[in-house]
2 protein chains.
Amino acid sequence: MPEDPKPAVTEALRTAILAGEYAPRQRLVEIDLCERFGASRFILRSALQELAAQGLVEFQRNRGARVRDVSFAEAIEITEVRILLEGLLAARAAERASKADIAMLRKLVKDMRAAVNNSELLRYSELNAQLHAAIRDIAAHETAARLLRQLRDQTVRHQFSLSLVPGRSAVSLPQHEAIVAAISACEPEQAERAMRSHLHSVIEAFRALSAAATQL
Amino acid sequence: MPEDPKPAVTEALRTAILAGEYAPRQRLVEIDLCERFGASRFILRSALQELAAQGLVEFQRNRGARVRDVSFAEAIEITEVRILLEGLLAARAAERASKADIAMLRKLVKDMRAAVNNSELLRYSELNAQLHAAIRDIAAHETAARLLRQLRDQTVRHQFSLSLVPGRSAVSLPQHEAIVAAISACEPEQAERAMRSHLHSVIEAFRALSAAATQL
DNA sequence: CACAGTGAGATTGTTGACAATATTGCCGGT
DNA sequence: ACCGGCAATATTGTCAACAATCTCACTGTG
């Protein structure tokens, strides 16, 4: 029963890049990756190509693969699209959520509030991801979910620096509460609006970060 | 000075699939494709993997690649997302269009009207694609444009069967005229609304086609 | 006659080696 | 000391052969 190495290696490499173990614009030397992941160059190359198609790495002819560097400007573009997609998911979730789904969402925001009160930034960030994932699952929109995953992976570095901004969670917590309230009340339009204004505030935060960075 | 075969082969294969030369669920035997495109198996495989990442073909372990079959239900999901993305592009185009851009758009709809009057279905379909591409270029939103291309490629077969529906162009022509009018008037919200209702009618047409097909 | 087992042929998955290209460090001229 | 060219090395791009797996017709048995 031989394993299926390619998806496993692809996932491992994706995780490593998302964890920041390889910096943007850093060259990904195939031999080194082979050693690290215990795979042949062919498998590695396949994995790199898949990640390239998803926008996580980029190829330069005869110069191999690098981690793609997503600029602030591009992160804003990506978030503009996320507004639309996550808005759609929120609306559909409001139409489809079962009692059990709603209970789960409420538990998540409750935990988020607790995390904020205890200043557990990392836990808050984790719960935040879980909440968005839960909404995505409830909405059951395969196409939107797939695209969102791509976009989210590309901006994970920026998401991270955002979560470190002091007071950021205090801003986003009530927004998440509003989203869950609208979904629980089965109000699609309101859920969509709440999600949109939430991500709009993310864009504003990006702009502020970008301005601060260029001042240095 | 050796050429760069991989992108060329990828494009050729994509074009062939989009042109319907390979039917959905048809197996893509690597040797045959090698012969047709004059490339080695390695290059072919790379091309197939890239197209797989873009959702045009799918792999089954030890059974190779097939043309991916996009169901009506999935085509509707995809169009739901297209509504959002193309709506965004229409709004941005309305904000950014220059005089020359507007002149080009107007020429396109004028040609479309002529094509409808002369019952040139193929030409109308071609101009339709050009119009959407022009709006995309004016909007200058790289992220949305990239995603849209993927989605469009996946539904090209359904788009085609739609264009054969009698009277379809008579429905969509005034919608296109409304979109261009809103962009020319620099009215982003109105342009977005016009584009959305246009694609809503596409979904309705899909639903009608789907119902007709299941009746057989 | 139906059906499970089997084996040949076809097709894909993987590997290692080779060729093409870029990168780096060295050397000589000015 | 500085700069441009050149050789050595490192890295990627490509290929052809091999191994693993699936497909399918054939065969022998109940």
Side-chain angles (χ1 to χ4, degrees), chain A residues 1-18 20-70 154, chain B residues 1-18 20-70 154:
Chain A
M1 204 183 304
E3 297 294 321
D4 207 346
K6 193 206 155 191
V9 171
T10 306
E11 264 330 290
L13 180 53
R14 185 208 311 281
T15 304
I17 292 174
L18 292 184
E21 297 182 38
Y22 298 95
R25 307 208 44 86
Q26 178 172 345
R27 284 185 62 173
L28 298 169
V29 178
E30 298 180 358
I31 300 281
D32 300 348
L33 300 177
C34 286
E35 194 151 331
R36 165 162 182 181
F37 295 108
S40 69
R41 266 189 68 205
F42 182 89
I43 300 292
L44 244 290
R45 241 168 138 47
S46 299
L48 284 173
Q49 292 205 13
E50 185 163 337
L51 295 183
Q54 290 173 20
L56 234 66
V57 309
E58 64 188 350
F59 273 88
Q60 284 177 303
R61 166 86 184 179
N62 287 325
R63 243 176 283 185
R66 318 169 86 92
V67 178
R68 195 160 85 88
D69 184 28
V70 175
Q154 289 174 32
Chain B
M1 206 182 306
E3 296 294 322
D4 208 347
K6 192 205 154 193
V9 171
T10 306
E11 265 328 291
L13 180 52
R14 166 190 281 122
T15 304
I17 293 174
L18 292 183
E21 296 181 36
Y22 298 96
R25 306 206 47 84
Q26 178 173 345
R27 284 186 62 175
L28 297 169
V29 178
E30 298 180 359
I31 299 282
D32 299 349
L33 299 178
C34 286
E35 193 151 335
R36 163 160 183 182
F37 295 108
S40 70
R41 263 189 71 204
F42 181 90
I43 298 292
L44 244 293
R45 250 177 122 57
S46 298
L48 284 172
Q49 293 207 12
E50 185 164 338
L51 295 182
Q54 291 174 18
L56 234 67
V57 310
E58 64 187 351
F59 274 88
Q60 284 177 302
R61 167 87 183 178
N62 286 327
R63 243 176 282 185
R66 319 169 83 94
V67 178
R68 195 161 85 88
D69 185 27
V70 176
Q154 288 175 32

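Letters A, B, ... are given to chains in the order of the sequence lines, protein chains preceding strands, and every chain is numbered from 1. Owing to the predicted nature of the structure, the values given are computational and were not obtained by experimental measurement.
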* Kindly determine whether B:L33 and B:V9 satisfy side chain to side chain contact (heavy atoms under 4.5 Å, CB included), including the steps that lead there. => CA-CA 10 Å; B:L33 299 178; B:V9 171; over 6 Å; no
* For the helix from C:dC1-D:dG30 to C:dT30-D:dA1, what is the angle between the axes at its two ends, each from 5 pairs, rounded to 10°? -> 10°
Report the distance from atom [atom1] of [X] to atom [atom2] of [N], rounded to the nearest whole Å.
X	N	atom1	atom2	value
A:F59	D:dT12	CZ	P	9 Å
A:R41	C:dT14	CZ	C1'	13 Å
A:Q60	D:dG13	CD	C1'	15 Å
A:I31	D:dA10	CD1	P	11 Å
A:K6	C:dG13	NZ	P	10 Å
B:L44	D:dC15	CG	C1'	13 Å
A:R61	C:dA22	CZ	C1'	12 Å
A:E30	D:dT14	CD	P	11 Å

* Around atom CD of B:Q60, are there more than 12 heavy atoms of other residues, nucleotides or ligands at under 6.0 Å? -> yes
* Of all the choices, C:dT23, D:dG13, C:dT15, which nucleotide is nearest to the side chain of A:F42 once you look at every atom? -> C:dT15
* What's the closest nucleotide to the A:V29 side chain, out of D:dT12, D:dT14, C:dT11? -> D:dT12
* Asked: With a non-hydrogen cut-off below 4.0 angstrom, is B:L48 in contact with a base, only sugar-phosphate, or nothing?
  -> nothing
* Using a cut-off of 4.0 Å on non-hydrogen atoms, how would the nucleic acid contact of B:L28 be classed: base, sugar-phosphate, or nothing? -> sugar-phosphate
* Structure fact -> All heavy atoms of B:A47 vs all of B:T10, minimum pair found to be CB-OG1, 3.5 Å
OP1 or OP2 of [N] sitting under 4.0 Å from any side-chain N/O of [X]?
X	N	result
B:R45	C:dG13	yes
A:R66	D:dT11	no
B:S40	D:dT14	no

* Determine the sole option in A:R45, A:R63, A:R36 for which the salt bridge (Lys or Arg N to Asp or Glu O under 4.0 Å) test with A:E30 is passed. => A:R45
Report all side-chain donor-acceptor pairs from residues 49-57 of chain A shorter than 3.5 Å, counting only partners two or more places apart or in another chain.
unit_1	atom_1	unit_2	atom_2	d
A:E50	OE1	A:K6	NZ	2.9
A:Q54	OE1	A:R14	NH1	2.6

* Structure fact -> Rounded to the nearest 0.5 Å, the CG atom of B:L44 sits from the CD atom of B:E35 at a distance of 11.5 Å
* Asked: What distance do A:R66 atom CZ and A:E58 atom CD have between them, rounded to the nearest 0.5 Å?
  -> 7.0 Å
* To do: Let me know, please, whether A:R63 or A:I43 comes out on the 5' side of the other along DNA chain C by nearest nucleotide.
  => A:I43
* Asked: Of B:R27 and B:A39, whose closest DNA chain D nucleotide lies nearer the 5' terminus?
  -> B:A39
